[in-house]
2 protein chains.
Amino acid sequence: MVSNKIDFTNEQPLYMQMVEIIKQRVIENSWQPGMKIPSENEMAREFDLSVGTIKKALGVLVNEGVLFRRQGQGTFIAQPDFSRSFIRFFRYGMTGGKPSEVPGSRILKFEIVRADTEVADILKLGPEEKVYRIKRVRTLLDKPFAVEELYLPYDKFQGIDKIALGNKLLYPIYSREFSVPVIWADEYLQPETIRQDTAAMLEVDERTPVICIERIAYTYGDLPVEFRRSICVGKNFQYHIVIR
Amino acid sequence: MVSNKIDFTNEQPLYMQMVEIIKQRVIENSWQPGMKIPSENEMAREFDLSVGTIKKALGVLVNEGVLFRRQGQGTFIAQPDFSRSFIRFFRYGMTGGKPSEVPGSRILKFEIVRADTEVADILKLGPEEKVYRIKRVRTLLDKPFAVEELYLPYDKFQGIDKIALGNKLLYPIYSREFSVPVIWADEYLQPETIRQDTAAMLEVDERTPVICIERIAYTYGDLPVEFRRSICVGKNFQYHIVIR
DNA sequence: AAGTGGTCTAGACCACCAT
DNA sequence: TGGTGGTCTAGACCACTTT
């Protein structure tokens, strides 16, 4: 539990306590993306800290990408950034010349089922807990390039519906409609041989090489919120990553 | 060109000038990894800045991973970190239980050739410039899992030799022996069908699915210093990445 | 005990933006 | 013009490590 006051007797540095308080407000959605937060001076008065301490706390949060600041204007809650997610990883064309298009998708299956042991384990669900299972084909410039299977915990995404998902990107929906922003993810890539039915869906023959990408997406507190397995054909597509 | 003095009339913030000066010393190797650098107070005196300004500059560099600090001991030049490079990306076993082993390698070919247009373009070399071309098999627990072709600019790595490379990791050698630390890299992954000769080398049959990983590694100043193309078999191996 | 980095304060001055 | 964040200073006190 995070307090909403600074504890001057706590061994935790004051600026770190301040960081936690601000994070808490963002998580609770009482401070929403794009919103201007109080000025340094206001916060210094409110929490009885020096401006320098507030500056330090805000610096940490800017660094983490939670806030951004504009001289003369103020400090704002950052929009969750999906620039490093799925979309950006795929580039159309081997030569890498063109920037990526936003991929489309067509939903094949949408159902509520009990999580099997693998999925339950990954999503940290108890036995018998339910998940949404969604299967879709992903396209770039109207050409299918991947088949995807997604698992979402039922309790977090209760009421999500097939039509609303339609041809849309999911992470902004998770964030806006369900207050479940995706903060980071784990991905595992492996070459595989394509399955017959998948080959048909992707309109390729059975000897086409594919990559299987398994992703576990996490929200605040390292809570897993999505598991997806994508089978991607390599023809004209590339997975790109910058290692820093 | 970076000066070794602070210019108080410069519009550039003093702490940023300080950051550049320190970086310069690291690049020039006049300050080497592991070395203790002067204390805050000493630097403040030397450059006629307040301790606060020095603190801010050091904070930036700690954040970038160039320095690390220990209370009561001092500030040190960080060792280049290879934890996020090749090694870590491969995990032995689908279940991902065990931590990764350090991969070994066996050199198949080692030659000096003129760069072809593709390689010259990638490594930003002029026409007619020479490169080292190295081909090797990579192993994990004595089992081959990848065939790799590497290209290094001849002028940067003059004198590198086959024997010295042996069964070793390359990036520490680049850094120690040639003052060319790898700072970041671009990777492109694609599923492919294995070639017959490659299949033989990796002791797998010809229908084995593989991933082709192309990496361009850069040093300070975004200068490309290595191009490698790895053909990796997927059996029991996985490429893992954390997206943040 | 002396030196190091870590935290925190109070205040100055500046560049930038909205009004 | 007044408010915002960005830079910079000078100094205090603390926790930690070495000598």
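Proteins get letters first, then strands, A, B, ... in listed order; numbering begins at 1 in each.
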inquiry  = If we check side-chain contact (heavy atoms from CB on, under 4.5 Å) with A:E226, which of these qualifies: A:I216, A:L123, A:T219, A:L170?
reply    = A:L170
inquiry  = Keeping B:S30 on the side-chain end and B:R25 on the backbone end, is there a donor-acceptor pair under 3.5 Å?
reply    = yes
message = Closest approach to the side chain of B:P13, judged atom by atom: which nucleotide of C:dT4, D:dG6, D:dT7 is it?
response = D:dT7
Rounded distance in Å - CD1 (B:I37) to P (C:dT4) = 12 Å
task = May I ask you to evaluate whether A:S39 reaches the phosphate of D:dG3, defined as a side-chain N or O under 4.0 Å from OP1 or OP2?
result = no
key: 5′-ward residue of the pair A:G72/A:I54 relative to DNA chain C   = A:I54
query = Can you check the B:E40 CD to D:dA12 P distance for me, whole Å?
reply = 16 Å
task = Using atom CD of A:E11 as one end and atom P of C:dT7 as the other, report the distance to the nearest whole Å.
result = 13 Å
message = Could you tell me how far apart B:Q12 (CD) and D:dT7 (C1') are, to the nearest whole angstrom?
response = 12 Å
request  = Select one nucleotide: of D:dT4, D:dG5, D:dC8, the one nearest the side-chain heavy atoms of B:S50.
outcome  = D:dC8
task = Taking only the side-chain nitrogens and oxygens of A:R69, find out if one of them lies under 4.0 Å from OP1 or OP2 of D:dT4.
result = no
ask   = Between the base of D:dG5 and the side chain of A:K55, is there any donor-acceptor pair under 3.5 Å?
value = no
inquiry  = Looking only at the side chain of A:Q71 (C-beta and beyond, no hydrogens), which of the listed nucleotides D:dC16, C:dT9, C:dC16 gets closest?
reply    = C:dC16
inquiry  = Distance alone, cut at 3.5 Å: any donor-acceptor contact between the side chains of B:R69 and B:T75?
reply    = yes
task = Assert yes or no for the condition that the ring centre distance of B:Y132 to B:Y151 is strictly below 6.0 Å.
result = no
5' precedence on DNA chain C between A:Q73 and A:Y15 (nearest-nucleotide basis) = A:Y15
query = Okay, side chain of B:Q17, backbone of B:D7: is any donor-acceptor separation there less than 3.5 Å?
reply = yes
note = If each end axis of the helix from C:dA1-D:dT18 to C:dA18-D:dT1 is fitted on five C1' pair positions, the angle between them, to 10 degrees, is 0°
message = As a test of reading the structure: which of C:dT4, C:dT9, D:dG5 is closest to the side chain of A:L14, going by heavy atoms?
response = C:dT9
inquiry  = Less than 4.0 angstrom between a side-chain N/O of B:T53 and OP1 or OP2 of D:dT9, yes or no?
reply    = yes
remark   = CD1 of A:I213 to CD of A:E148, rounded to nearest 0.5 Å, is 8.5 Å
key: Euclidean distance, atom CZ of residue B:F68 to atom P of C:dG5 [Å, nearest integer]   = 12 Å
request  = Can you figure out which of C:dG6, C:dC8, D:dT4 approaches the side chain of A:N41 most closely?
outcome  = D:dT4
request  = Round to the nearest Å and state the distance from A:L61 atom CG to D:dG5 atom C1'.
outcome  = 15 Å
task = Please determine which of B:R229, B:R215, B:R228 meets the salt bridge (Lys or Arg N to Asp or Glu O under 4.0 Å) test together with B:E187.
result = B:R215
note = B:F47 atom CZ is separated from D:dT9 atom P, nearest whole Å, by 13 Å
query = Within a strict 4.5 Å, meaning less than it, do heavy atoms of the A:L14 and A:F47 side chains meet?
reply = no
query = So what does A:E42 touch, heavy atoms closer than 4.0 Å: a base, only the sugar-phosphate, or nothing?
reply = sugar-phosphate
request  = Grab the NZ-P distance between B:K56 and D:dT9 for me, whole Å please.
outcome  = 12 Å
